[in-house]
Amino acid sequence: MTRHETALQTSPGLPTEVRLALTQIAAAPGAWCPALAADGERVAYVADRSGRPRLEVATLDQRTPPAVVSGPEQEVVSVAWSPDGEWLAYLVSPGGSICAELWVVRPDGTDRRLVAGEDPRCTVFAGGWTARPGHYACTIADGPGADVVLVDVVSGARRTLATGGFLAVTAVAADESRLLARRGPRGWRHVVLVDVATGEQRRVIPADDAGGRQSEDGRFGPDGRSVYLRAAQPGPAGEDRTALVVVPLSEAGEPGPARVLVRRRDADLDGYAVRADGTVLCVWNAEGSTELDVRRVDDGEVVARVPLPQPVMPGWSLAADGRSLVAELTGPGAPRSLHTVDLASGAVVRLPSSPRLPDHDLLVTPVRHHYRATDGLELDGWLYTPPGVRGPHRTVVSFHGGPEGQERPAWSPVAQALVAAGFAVFAPNVRGSGGRGTAFMGLDDVDAREASFTDVADTVAHLVDAGIALPGRVGAHGWSYGGYLTMVALTRWPDLFAAGASLAGMSDLRSFFAGTEPWMAAASVTEYGDPVTDREMLATISPMTALNRLRSPVLLAHGDRDTNVPVAESVQAHQACAALGKPAELLLLPGEGHTVVGRENLVTLTEAIAEWFDRWL
């Protein structure tokens, strides 16, 4: 029994009806990462109805029940269906580890085999199937860099296609002579064109051009003589939204001048698909919600807008004919589930094989809330309020991870569970968050991080001044970077929060760099600073160096298999707090990595967080 569980036994605890509500919310299953077969009749996806993420295959007409085709103990991360319909390639997180393995299986569940990632020190990143049957291109990292590797899933043969830097493959030419990959650290990722024979890499957009700093999702055009990609492009009013850009290729494969095809002043392009009829499907992130439309490639004019029944579409798979897609949709009252979307008629139908939704009466819909930081910068967030609550209330401020992440009106079991336990919840997007262009996302990089911390205090001040939060009864919660931000706030402003809960958060950026996966450390230098040359600065902004200032009780929760933010980050903080006599408790979740996915652990964690704040607020 952990110290946390022992301590909770001494508290009054939550009423039975609240515990039952928390269990239903935390245990609500979902389905995500759809992959359509080329015949358009079957779909593969990940679902956790069994209590762990498994790979399922179902027919769209739903005449046969879904079949699990992954191994009984496998924790599945993602899936891709081969163009010829013969294979499913899927990533597996062994025992919760971030060091993923690549497996393949026939759609009927036979011939399952491991094809890459057998070395536990390596990490496989999903890529995609090439035009040649049985060939799958992926990225394999075994250090700070990562190579693009071509796997023949039938023979098991592997061939390195590209090396030199961290290369996340996004597309491979039909003849496999060239490929596109994303390269670079966080905030500076850009698409490169790689000649497989020579190994030469060329930036698709030069570094000194608009969009040269930040581009991704490169794909070859239908004729192979152009490259499409998403890139940050300045607009007429100075905004730097992500747009769809095309770059022509010469006969020798030299990239030409970039041209913006589609851009919006009020939204970032989250995804796209160029269709054979001269149109492009665009997936927009507009103030946190997903907007879907079809536009002409030549002039960007809208041909059709497709309304969605839920506000966020994290994943989707386009049919081979481009006329429809299977969408993964989610909202405040709906865990991720699958829907068919007819792009011509706009008809959207939820697949009956999607897991059952939780009781709607237990849930609330958040309201988007705008406010300003002390320096005048506009911030926003989502406010969840328990039914019938009017006036100041005990409130938990919940910080997202990333820090490039974004709070969106999607399914949030922790937020809904806290509301069910009687708390208001405010989930802010402080500076450094995504969804508002690259300039806003870079406002917390390296030396600017200190300025981003003040957004926390400004958020609490606004909630109190607006009559939302009850002074003295405000808590802080966060996952990953959000957990780190929670710990920063608890030590910088010891009286700001009455209690805190950090899930998988960094406590010391110096030990984080030393203990995380090498590729994660290399990618994070532009975000946090260099672990050698900026070591003194990293110490200054690390909660571990200021734990003597901690006054409010803090719950430290962590998956015991986490190597992204190593579990030692929470363990060492708990040990230091104990040595200093500070109020802290530790909850380790067995078999979990950086993301908690097991149903029993999700219920345990959710109940622990709700009880913690009920105890201290």
Side-chain angles (χ1 to χ4, degrees), residues 1-11 96-98 396-399 401 414 456 475-516 538-596 598 601-617:
M1 187 173 291
T2 68
R3 294 187 183 187
H4 173 64
E5 290 168 329
T6 302
L8 285 181
Q9 288 184 352
T10 65
S11 65
S97 171
I98 197 174
V396 176
V397 182
S398 181
F399 301 103
V414 171
V456 176
H477 164 264
W479 170 78
S480 192
Y481 179 83
Y484 160 79
L485 196 55
T486 294
M487 293 294 291
V488 167
L490 291 174
T491 52
R492 293 207 166 208
W493 298 279
D495 299 318
L496 185 63
F497 294 106
S502 169
L503 170 59
M506 302 95 80
S507 60
D508 192 325
L509 292 176
R510 298 166 300 176
S511 57
F512 161 75
F513 271 107
T516 189
L538 293 177
T540 301
I541 61 174
S542 291
M544 276 289 288
T545 61
L547 286 178
N548 61 305
R549 301 190 63 203
L550 184 70
R551 293 179 192 165
S552 301
V554 58
L555 171 64
L556 300 156
H558 221 118
D560 69 358
R561 296 293 305 275
D562 192 356
T563 59
N564 184 336
V565 174
V567 63
E569 291 297 305
S570 288
V571 172
Q572 68 185 9
H574 180 253
Q575 291 174 339
C577 286
L580 291 168
K582 302 296 182 179
E585 294 178 8
L586 178 67
L587 173 62
L588 298 182
L589 301 165
E592 299 290 353
H594 193 55
T595 303
V596 180
N601 283 328
L602 283 169
V603 172
T604 297
L605 174 64
T606 303
E607 288 186 351
I609 292 171
E611 286 223 8
W612 183 256
F613 287 117
D614 187 63
R615 176 182 171 188
W616 296 107
L617 300 189

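In this text the structure is predicted, and so the values were computed from the model without any measurement.
The shortest side-chain heavy-atom distance between Ile541 and Arg492 falls under the 4.5 Å cut-off. The shortest distance between side-chain heavy atoms of Pro543 and Leu490 does not fall below 4.5 Å. Side-chain contact check for Val456 versus Phe497: some heavy-atom pair is nearer than 4.5 Å. The shortest distance between side-chain heavy atoms of Phe613 and His477 falls below 4.5 Å. Between Asp562 and Glu592, every side-chain heavy-atom pair lies at or beyond the 4.5 Å cut-off. Side-chain atoms of Cys577 and Leu550, non-hydrogen and from C-beta on, do get closer than 4.5 Å to each other. By the 4.5 Å heavy-atom criterion applied to side chains, Leu589 and Leu605 are counted as neighbours. Side-chain atoms of Tyr484 and Val565, non-hydrogen and from C-beta on, never get closer than 4.5 Å to each other.
Once rounded to the nearest 0.5 Å, the distance linking CZ of Phe512 with CG of Leu509 reads 7.5 Å. Of the inter-residue distances, the one linking Tyr481 atom OH with Phe399 atom CZ reads 10.0 Å to the nearest 0.5 angstrom. Expressed to the nearest 0.5 Å, how far CZ of Arg551 lies from OG1 of Thr491 amounts to 12.0 Å.
Judged by distance alone, with hydrogens and angles left aside, the side-chain atoms of Thr516 form a donor-acceptor pair with the main-chain N or O of Asn564 at under 3.5 Å. A donor-acceptor pair under 3.5 Å is absent between the side-chain atoms of Asp560 and the main chain of Val567, judged by distance alone. A donor-acceptor pair is defined here as one N or O able to donate and one able to accept, closer than 3.5 Å; no such pair exists between the side chain of Thr486 and the backbone of Gly500. Panel note: side chain His594, backbone Ser480; no donor-acceptor pair is recorded below 3.5 Å.
For the pairing with His574, the side chain to side chain contact (heavy atoms under 4.5 Å, CB included) check across Val554, Leu588, Leu555, Leu556 returns one residue only, Leu556.
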